[in-house]
Number of protein chains: 2
Amino acid sequence: MNESTSRIELLKVVSHPARIAILDELSKGVKCVSDFQGFLEISQPNISQHLSALRLAGIIDFFIDGRLRCYFLKNPFILDLLEILKKQYAGELPGPECCPVTKKGTYPGERRR
Amino acid sequence: MNESTSRIELLKVVSHPARIAILDELSKGVKCVSDFQGFLEISQPNISQHLSALRLAGIIDFFIDGRLRCYFLKNPFILDLLEILKKQYAGELPGPECCPVTKKGTYPGERRR
DNA sequence: CAAATATATTCACATATTCTAATATTTGAA
DNA sequence: TTCAAATATTAGAATATGTGAATATATTTG
């Protein structure tokens, strides 16, 4: 698996509201499982499952303090991802010329006949 | 559905190698379906299916030139996403203090007893 | 108009993902 | 030692997703 494929694999793993919420929290610092229970409205086993998936993907890791598992962010790509997820955009990209009613326009490339 | 949830929904839709390849190509300009056939090793119907999914999600749109459907990028978030997908990172994030062998460390927050 | 080209749609199947429920494991406290 | 707390694991059901095959549609060309 090349670099770009594995990056897309990461995307897939984090494309879930609960996982993004977990990662966003981890971006602020080390958290243990019960910290997540405070604001995620899902069951404890489910939280563990998400954490497990994120860890398998190499996105997070943990250390142990007594009976607490303290999770932390490991992958720098995630910070950039979280940042653009929060970014505001001013409307759509400027589209190419075409009639807004019929949607007709002109293909800019070479036409194969 | 709020802003952040729908952004995650977008992530989910694009978390696929063929879709990212399509979007990357569209980031260079308008393309028609047969342009994608040139470099994607998947069937024409499958390409149409991916394009359809991307369009449903509001990520791309098209205009028509004769029998060509000319697709273009509509959502600005995607450009930022493509950019970080290509970015190089220097190793992992600096982790918190913990023993590398036993994985033991200290939870930084308040301990509930 | 008939044929060819460009592209879309539909269906059915295989696979993957996610959640719930039940239970297990580990550790600190009493 | 026994109990409670913190967390993980497993299995199974429900659902979603991706793909191939077949076919449909629209437009241009002859």
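Just so it is clear, the values below take in all heavy atoms, side chains as well, and ignore hydrogens, waters and symmetry mates. Convention: sequence-line order gives letters A, B, ...; per-chain numbering from 1.
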Fill in: Contacts of type salt bridge (Lys or Arg N to Asp or Glu O under 4.0 Å), residue A:R69, not counting sequence neighbours
none
Discussion item. Test of understanding: with side chain to side chain donor-acceptor pair (under 3.5 Å), list the residues that count as partners of A:R19, not counting sequence neighbours.
Written reply: A:H50
Worksheet item: Given atom CZ of B:R55 and atom C1' of C:dT9, what is their separation to the nearest angstrom?
Response: 12 Å
Worksheet entry | Spacing of A:D65 atom CG relative to D:dA5 atom C1', expressed in whole Å | 14 Å
Item to complete: Give, for atom CG of B:L68 and atom OG of B:S34, the distance between the pair rounded to the nearest 0.5 Å.
Response: 6.0 Å
Discussion item. Using whole Å, what does the distance between atom C1' of nucleotide D:dA26 and atom CZ of B:R67 come to?
Written reply: 10 Å
Discussion item. In whole Å, I'd like the distance from the CD1 atom of B:I64 to the C1' atom of C:dT7.
Written reply: 10 Å
Worksheet, complete the sentence: Per atom distances to the B:H50 side chain, the nearest of C:dT7, D:dA8, D:dT19 is D:dT19
Worksheet item: Any idea which of D:dT9, C:dG28, C:dT7 is nearest the B:S34 side chain?
Response: C:dT7
Worksheet entry | Value in whole Å for how far the P atom of C:dA8 lies from CG of B:D61 | 12 Å
Worksheet item: Which residues satisfy the salt bridge (Lys or Arg N to Asp or Glu O under 4.0 Å) test with A:E92, sequence neighbours excluded?
Response: B:K74
Response to the item:
Any strand, both distances under 3.5 Å, Watson-Crick or G-U wobble: D:dA22 pairs with C:dT9
Worksheet item: Please give, in whole Å, the distance from C:dT17 C1' to B:E9 CD?
Response: 14 Å
Discussion item. Looking at B:K87 and A:D80, is any side-chain nitrogen of the basic one under 4.0 Å from a carboxylate oxygen of the acidic one?
Written reply: yes
Fill in: Residues from residues 15-25 of chain A lying under 4.0 Å of DNA chain D - heavy atoms
none
Practice prompt. Sequence neighbours left out, what passes salt bridge (Lys or Arg N to Asp or Glu O under 4.0 Å) with A:K103? Give chain and number order.
Written response: B:D61
Worksheet item: Separation of B:L68 atom CG from D:dA26 atom C1', in whole Å?
Response: 12 Å
Worksheet entry | Whether B:S43 side chain and B:N46 backbone form a donor-acceptor pair below 3.5 Å | yes
Fill in: Test: A:E83 and A:K86 ion pair at under 4.0 Å
no
Worksheet item: D:dA8 phosphate, OP1 or OP2: any side-chain N/O from A:R69 under 4.0 angstrom?
Response: yes
Worksheet item: When we call it a touch if two heavy atoms are under 4.0 Å apart, what does A:Y71 touch: a base, just sugar-phosphate, or nothing?
Response: sugar-phosphate
Item to complete: Using the six-membered ring wherever Trp is involved, compare the ring planes of A:F77 and B:Y89 and label them parallel, tilted or perpendicular (cut-offs 30° and 60°).
Response: perpendicular
Worksheet item: Counting any heavy atom closer than 4.0 Å, what does A:K12 reach on the DNA or RNA strands: base, sugar-phosphate only, or nothing?
Response: sugar-phosphate
Please write out the pairs of protein N or O atoms and N or O atoms of nucleotides 20-24 of chain D separated by less than 3.5 Å, giving the distance to one decimal.
| residue | atom | partner | partner atom | Å |
| --- | --- | --- | --- | --- |
| D:dG20 | O6 | B:Q49 | NE2 | 2.8 |

Worksheet item: CG of A:L56 versus P of C:dA16: gap in Å, rounded?
Response: 15 Å
